[in-house]
Number of protein chains: 2
Amino acid sequence: MDKVRVMIVDDHEMVRLGIKSYLLTEDKIDFLGEASGGKEAAELARKTQPEVILMDLLMEGGTGIEATKEIMSFLPQCRIIILTSYYDDEQVFPALEAGAHSYILKTSSATAILTAIYKAAKGESVIEPQVANKMMTKFRPKEKRLHEDLTAREMDVLQCLGDGLTNQEIAEVLYIGVKTVKTHVSNILSKLELTDRTQAAIYANRNGLLRKST
Amino acid sequence: MDKVRVMIVDDHEMVRLGIKSYLLTEDKIDFLGEASGGKEAAELARKTQPEVILMDLLMEGGTGIEATKEIMSFLPQCRIIILTSYYDDEQVFPALEAGAHSYILKTSSATAILTAIYKAAKGESVIEPQVANKMMTKFRPKEKRLHEDLTAREMDVLQCLGDGLTNQEIAEVLYIGVKTVKTHVSNILSKLELTDRTQAAIYANRNGLLRKST
DNA sequence: ATATGCCTCCGTCTCGAGTCGGAGTTGAAA
DNA sequence: TTTCAACTCCGACTCGAGACGGAGGCATAT
């Protein structure tokens with residue numbers, strides 16, 4: 001069997017150093033190079049055509065998700081292993097949707113990561129048990145992303161609710177009548193299956209649906 | 001000048017590898033060893049008497065805070081540099097109170113970390129600008145921890161508010177009358193300088209004041 | 001041309017939320 | 001013992017919230 005062609009993407013120089021120093025001691029690994037950001041990663045992947053990419057999720061200037069999508073678009077046979085620090089990351093799903101192949105934690109031992117690389121090269125997925133649990137809990141259809149049924153205007157109102165504004169205040173912010181605000185609020189509560197504005201405010205806060213100007 | 005005696009504490013094997021591989025190339029660094037947890041760190045520190053310790057904040061089985069406290073108790077002249085992944089960490093203050101000397105992010109370059117080590121050895125502190133900003137925002141007296149004026153019972157009610165319960169539901173949960181709940185809610189709004197339960201619910205959610213059973 | 005969906009607004013009605021003032025109980029501190 | 005803070009409860013009052021039904025304007029799709 002040939003060497004496995006691997007590249008690393010991570011904005012933490014230390015993490016790159018750590019992985020690299022380990023990979024270089026393995027004679028079945030062909031270390032192609034490293035990148036510190038999404039754009040750089042795509043370029044490097046285009047040049048070196050890796051079989052496996054170790055990709056950090058959280059990077060400054062664009063997440064690993066976008067990089068994953070881009071790379072998958074021109075290198076679909078490439079196996080991308082997501083490396084992340086926390087298992088309660090909200091980005092597990094987007095990552096897997098983007099085409100990530102495995103999802104492992106940085107707390108894993110170096111040997112576990114090596115194993116993941118070899119498995120990925122053979123087409124096998126590696127998902128941490130902790131991450132798998134999160135996935136299962138997220139798969140309940142109800143609580144998933146209920147607010148995507150909202151219209152644009154309703155989203156505006158919901159964001160105001162998340163800031164604790166009264167109907168009157170919302171009306172002033174959005175330049176509409178109080179009655180109109182009430183209509184929107186009623187529709188929001190109905191669509192989100194909630195009973196009052198307080199629960200809507202909590203929903204907005206827990207799902208990060210807030211105005212930027214806050 | 002003598003070599004700087006340094007040890008590493010981190011439960012991520014890769015991070016230890018990365019830092020170690022870098023430190024070993026520096027001839028002004030005397031690398032004493034590494035530990036993966038708080039207890040192990042304290043033992044190693046006792047044996048090797050390091051001048052500088054690079055300590056991860058988030059570790060399985062006890063945070064770096066406790067380890068920092070323990071080490072400072074028998075090695076007060078030791079400079080402990082906290083290494084963390086995120087700057088919005090709630091543990092900045094506890095860490096500094098525990099005796100941490102510097103607070104830098106893992107996103108820092110390897111050279112920046114080296115600089116921090118040398119500065120720490122000379123007694124200088126290094127605080128990331130992002131962390132410093134967080135500190136400043138936390139220091140504003142108003143918005144600081146306004147909810148610590150609340151009584152125990154009021155905290156109970158606030159936690160229920162944070163879950164979106166009505167007065168009636170809160171009364172049932174806490175085995176008290178609705179009127180009593182109203183009294184508590186009024187006092188809470190007054191103490192937190194808010195106008196209605198919705199804002200209280202937002203406050204509770206943004207400050208992590210929620211019931212564990214949720 | 002008709003239909004559909006969204007945004008806007010109106011009036012009415014009910015009900016929970018919140019304020020205000022007052023009051024009894026307990027337990028701990030002075 | 002007295003004092004004080006916290007928890008509890010009451011009644012009466014005001015007001016915003018939310019439900020419900022109805023309606024017109026406007027854009028897009030069919």
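Every chain is numbered from 1, with letters handed out A, B, ... down the list of sequences. From a predicted model like this one, the values you see are computed outputs, not experimental measurements.
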For A:L83 and A:I104, what are the C-alpha separation, side-chain angles and deciding distance, and is it a side chain to side chain contact (heavy atoms under 4.5 Å, CB included)? CA-CA 5 Å; A:L83 263 179; A:I104 59 183; 3.7 Å; yes
How bent is the helix from C:dA1-D:dT30 to C:dA30-D:dT1, measuring the angle between the end axes built from five pairs each, rounded to 10°? 40°
Between A:T198 and B:G177, which residue's closest nucleotide on DNA chain D lies nearer the 5′ terminus? B:G177
To the nearest Å, give me how far apart CG (B:N167) and P (D:dT8) are. 14 Å
Which residues share a side chain to side chain contact (heavy atoms under 4.5 Å, CB included) with B:T151, sequence neighbours left out: B:R153, B:E154, B:K191
Pairing residues for A:A201 by the side chain to side chain contact (heavy atoms under 4.5 Å, CB included) criterion, not counting sequence neighbours: B:T198, B:I202
B:P50 versus B:C78, closest heavy-atom pair with distance: O-SG, 3.7 Å
So where does chain A start and stop touching DNA chain C, 5' to 3', when the test is distance under 4.0 Å to a non-hydrogen atom? C:dC6 to C:dG11
What is the minimum heavy-atom distance between B:S36 and B:R16, and which atoms define it? CB-NH1, 3.4 Å
Starting at CD of B:E154 and ending at P of D:dA5, how long is that distance when rounded to a whole Å? 13 Å
Roughly, in whole Å, what's the span from OH in B:Y175 to P in D:dT8? 13 Å
Please give me the minimum heavy-atom distance between A:T166 and A:E169, naming the atom from each residue. N-OE1, 2.9 Å
CD of A:E169 versus P of D:dG16: gap in Å, rounded? 11 Å
Smallest heavy-atom separation, B:I117 atom then B:V52 atom, equals O-CG2, 4.0 Å
note: A:Q199, atom CD; D:dG18, atom P; distance rounded to Å ~ 10 Å
It should be established whether B:T180 places a side-chain nitrogen or oxygen under 4.0 Å from OP1 or OP2 of nucleotide D:dC9. yes
Please list, by residue number, the residues of residues 181-190 of chain A whose heavy atoms come closer than 4.0 Å to an atom of DNA chain C; answer none if no residue qualifies. A:T183, A:H184
Rounded to whole Å, how long is the line connecting atom CD1 of A:I176 with atom P of D:dG25? 19 Å
For the pair made of CD1 in B:I170 and C1' in D:dT8, what is the distance, rounded to whole Å? 16 Å
Verdict with supporting geometry, B:L54 and B:I19, side chain to side chain contact (heavy atoms under 4.5 Å, CB included): CA-CA 9 Å; B:L54 286 171; B:I19 301 176; 3.7 Å; yes
Could you please spell out the steps behind the side chain to side chain contact (heavy atoms under 4.5 Å, CB included) verdict for B:I170 and B:R197? CA-CA 12 Å; B:I170 296 173; B:R197 73 195 296 102; 4.0 Å; yes
I'd like to know whether B:V181 forms a side chain to side chain contact (heavy atoms under 4.5 Å, CB included) with B:L174, so could you lay out the CA-CA distance, the side-chain angles of the two residues, the decisive distance to 0.1 Å, and finally the verdict. CA-CA 9 Å; B:V181 175; B:L174 300 182; 5.7 Å; no
Rounded to whole angstroms, how far apart are NZ on A:K179 and P on D:dG21? 17 Å
Quick one: label B:T151 by what it contacts on the DNA or RNA (base, sugar-phosphate, nothing), any heavy atom closer than 4.0 Å. sugar-phosphate
A:D30: which residues meet the salt bridge (charged side-chain N to carboxylate O under 4.0 Å, His left out) condition with it, sequence neighbours left out? A:R5
